[in-house]
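Counting from 1, the numbers follow the sequence of the chain as shown. Because the structure is a prediction, the values reported are computed rather than measured. Atoms within each ligand, like the ligands themselves, are counted from 1 in listed order.
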Amino acid sequence: MTERVAGVRLAPYTTLGLGGAARAFVEAGSAEEIVELVAEADRAGEPVLVLGGGSNLVVSDEGFDGLVVRVASQGVEIDGDRVTAQAGEDWDSLVERVGAEGRSGVECLSGIPGLVGSTPIQNVGAYGQDVSQTIIAVRVYDRRSGEVRDLTARECGFAYRHSAFKEELGRHVVLAVTYELAGDALSGPIAYRELAVRLGVALGDRVPLARARAAVLELRAGKGMVLDAADPDTRSAGSFFTNPILTGGQAAELELRAPGFPRWDMPDGAVKVPAAWLIENAGFPKGYRRGPARISTKHTLAMTNPEMSASTEELLDLAREVRDGVFEKFGVTLVNEPVMVGTRL
Ligand SMILES: Cc1cc2nc3c(=O)[nH]c(=O)nc-3n(C[C@H](O)[C@H](O)[C@H](O)COP(=O)(O)OP(=O)(O)OC[C@H]3O[C@@H](n4cnc5c(N)ncnc54)[C@H](O)[C@@H]3O)c2cc1C
């Protein structure tokens with residue numbers, strides 16, 4: 001087992017490049033090691049932070065006063081349409097591999113940073129797909145009961161960028177995820193207008209898997225949403241705010257303040273509003289700067305640390321300014337998508 005190391009700075013382990021030191025840091029190379037390390041820390045009453053690729057984390061300047069367990073378990077098993085990957089597998093490498101093998105269902109999730117084990121946490125999604133459409137089981141270590149369990153997709157409580165794991169963050173440690181990916185040379189029906197336009201097809205059409213992946217990667221790169229050390233706009237945690245979901249009543253109120261605002265009407269009567277539209281129309285254009293922190297020059301939803309010189313608080317000051325400005329103008333409260341460690345928006 002890898003050794004515990006004291007005082008490791010967490011900034012280099014996050015895509016934002018932010019965060020102070022961990023009291024202790026250890027890398028876990030197998031599911032058994034993850035369970036052993038977490039269980040031991042729990043018995044000792046030591047706080048635990050499970051770390052994947054650090055692409056959805058905002059860690060405080062003070063760091064983490066406990067044990068950081070970095071997930072590094074590897075392995076992919078295939079049984080018919082079922083693909084089971086260990087939590088430490090790189091997500092995009094898995095997407096690329098299953099696409100090349102002619103398995104359909106996650107091609108629109110190409111280029112999303114991070115590890116397999118994190119995908120169920122916020123029900124990772126993009127361009128009309130999310131992992132709730134293909135996950136059939138999640139193997140977890142339940143820190144409350146001390147048991148390893150296989151949860152069904154239903155038990156995961158998936159919703160838009162949300163899951164039961166987020167409700168009780170930290171209780172379940174994901175050890176492996178099983179996806180059901182149909183053997184098919186074509187993508188699922190294209191469900192996202194911008195992607196359909198890029199592909200030159202109609203919504204609902206299907207295209208070869210490799211074409212879908214290439215188009216998604218192109219679109220994402222154009223928005224600074226594929227990690228690239230040479231592109232300062234990618235020093236982010238992806239979308240910082242989720243798209244607000246309003247009740248019918250709240251939507252009617254917003255209509256008074258912003259007649260004709262862009263909206264997606266949902267089957268249950270709720271209304272999803274693009275957070276990027278709210279932010280831009282509250283006076284925060286792409287590239288808007290507050291000290292060393294900046295809104296991405298390519299994507300309004302990404303708060304970035306372009307020169308890697310900001311502190312966590314400086315980045316959060318920018319995010320707070322945006323959140324408060326949107327509330328003042330539209331009466332809508334933006335909620336952060338990344339997980340906050342030792343700090344809050
Ligand atoms: C440039 C960029 C683009 C992005 N685009 C998208 C996008 O299109 N769609 C999208 O949904 N997200 C996107 N994201 C966000 C991010 O990539 C995803 O949320 C990803 O799943 C996070 O994975 P990670 O391994 O980096 O998780 P981390 O950031 O390491 O962790 C995130 C949370 O999950 C917990 N966690 C991690 N591993 C485990 C585990 N094994 N068991 C239990 N808990 C665990 C952590 O404790 C933390 O609470 C983007 C991020 C960046 C930087």
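- Protein heavy atom closest to atom 31 (O) of ligand 1, with residue, atom name and distance, is Leu57 CG, 3.9 Å.
- Heavy-atom contacts of Gly238 reach the following atoms of ligand 1: 2 (C), 3 (C), 4 (C), 50 (C), 51 (C), 52 (C), 53 (C) (cutoff under 4.0 Å).
- For ligand 1, the atoms closer than 4.0 angstrom to any heavy atom of Val339 are 33 (C), 49 (O).
- The heavy atom nearest to atom 8 (O) of ligand 1, out of those in Arg235, Gln86, His172, Arg220, is found in Arg220.
- Protein heavy atom closest to atom 28 (P) of ligand 1, with residue, atom name and distance, is Gly54 N, 3.5 Å.
- Of all atoms in ligand 1, numbered sequentially from 1 with element shown, those under 4.0 Å from a heavy atom of Ile112 are 6 (C), 7 (C), 8 (O), 9 (N), 13 (C), 17 (O).
- The shortest N or O to N or O distance between Val173 and ligand 1 is not under 3.5 Å.
- Short contacts between ligand 1 and Thr15, defined as distances under 4.0 Å to a heavy atom of the residue, involve ligand atoms 53 (C).
- Ranking protein heavy atoms by distance to atom 21 (O) of ligand 1, first place goes to Val124 CG2, 3.1 Å.
- Which parts of ligand 1 touch Ala237 is read off a 4.0 Å heavy-atom cut-off, strictly below it: atoms 51 (C), 52 (C), 53 (C).
- Within the 4.5 Å cutoff, the side chain of Asp142 has heavy atoms near those of the Arg171 side chain.
- Residue pairs satisfying the salt bridge (Lys or Arg N to Asp or Glu O under 4.0 Å) criterion with at least one member in residues 76-88, sequence neighbours excluded, are listed as follows: Arg82-Glu180.
- Outside the 6.0 Å centre-distance limit, the rings of Phe284 and Trp277 are not counted as a close aromatic pair.
- In this structure, atom 46 (C) of ligand 1 lies nearest to the protein heavy atom Val50 O, 3.1 Å.
- Listed by number with element, the atoms of ligand 1 under 4.0 Å from a non-hydrogen atom of Gly114 are 23 (O), 24 (P), 25 (O), 26 (O).
- Remark: the backbone N or O of Asn281 is paired with a side-chain donor or acceptor of Lys329 at under 3.5 angstrom.
- In this structure, the protein non-hydrogen atom closest to atom 19 (O) of ligand 1 is Gln122 NE2, 2.7 Å.
- Taking only non-hydrogen atoms, the option from Ser118, Gly111, Gly52 nearest to atom 27 (O) of ligand 1 is Ser118.
- Near Arg161, the atoms of ligand 1 lying under 4.0 angstrom from a non-hydrogen atom of the residue are 11 (O).
- Residues Thr84 and Thr178 have side chains that bring a donor and an acceptor to within less than 3.5 angstrom of each other.
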Could you pull out every donor-acceptor pair under 3.5 Å between side chains of residues 212-229 and any protein atom, sequence neighbours left out?
unit_1: Arg213; atom_1: NH1; unit_2: Asp92; atom_2: OD1; d: 3.0
unit_1: Arg213; atom_1: NH1; unit_2: Ser110; atom_2: OG; d: 3.1
unit_1: Arg213; atom_1: NH2; unit_2: Asp92; atom_2: OD2; d: 3.1
unit_1: Glu218; atom_1: OE1; unit_2: Arg198; atom_2: NH1; d: 2.6
unit_1: Arg220; atom_1: NE; unit_2: Met225; atom_2: O; d: 3.2
unit_1: Arg220; atom_1: NH2; unit_2: Met225; atom_2: O; d: 3.0
unit_1: Lys223; atom_1: NZ; unit_2: Tyr127; atom_2: OH; d: 3.0
unit_1: Lys223; atom_1: NZ; unit_2: Glu194; atom_2: OE1; d: 2.8
unit_1: Lys223; atom_1: NZ; unit_2: Glu194; atom_2: OE2; d: 3.2
unit_1: Asp228; atom_1: OD1; unit_2: Ala230; atom_2: N; d: 2.9

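- Counting protein heavy atoms only, atom 16 (C) of ligand 1 is closest to Ser55 OG, 3.3 Å.
- Set against the non-hydrogen atoms of Met225, the atoms of ligand 1 under 4.0 Å away are 1 (C), 3 (C).
- Counted by atom type alone, Ser163 and Asn123 present zero donor-acceptor pairs between their side chains at under 3.5 Å.
- The closest protein non-hydrogen atom to atom 44 (N) of ligand 1 is Ile121 CD1, 3.4 Å.
- A side-chain donor from one of Glu314 and Ser311 sits under 3.5 Å from a side-chain acceptor of the other.
- Here Phe25 and Tyr13 bring their ring centres to under 6.0 angstrom of each other.
- Contact annotation: the side chain of Ile245 approaches that of Met266 to within less than 4.5 Å [non-hydrogen atoms, C-beta and beyond].
- Between Arg257 and Glu253 there is no salt bridge, since none of the side-chain N atoms of the basic residue sits less than 4.0 Å from a carboxylate O of the acidic one.
- Compare Ala126, Gly125, Gly117, Ala31 by their heavy atoms: the one nearest to atom 9 (N) of ligand 1 is in Gly125.
- Closest to atom 32 (C) of ligand 1, if we only count protein heavy atoms, is Asn56 CB, 4.0 Å.
- The shortest N/O to N/O separation between Val71 and ligand 1 does not fall below 3.5 Å.
- Between Tyr141 and Glu147 there is no side-chain heavy-atom pair separated by less than 4.5 Å.
- Counting all heavy atoms, side chain and backbone alike, Gln129 lies closest to Gln133 at CA-OE1, 3.3 Å.
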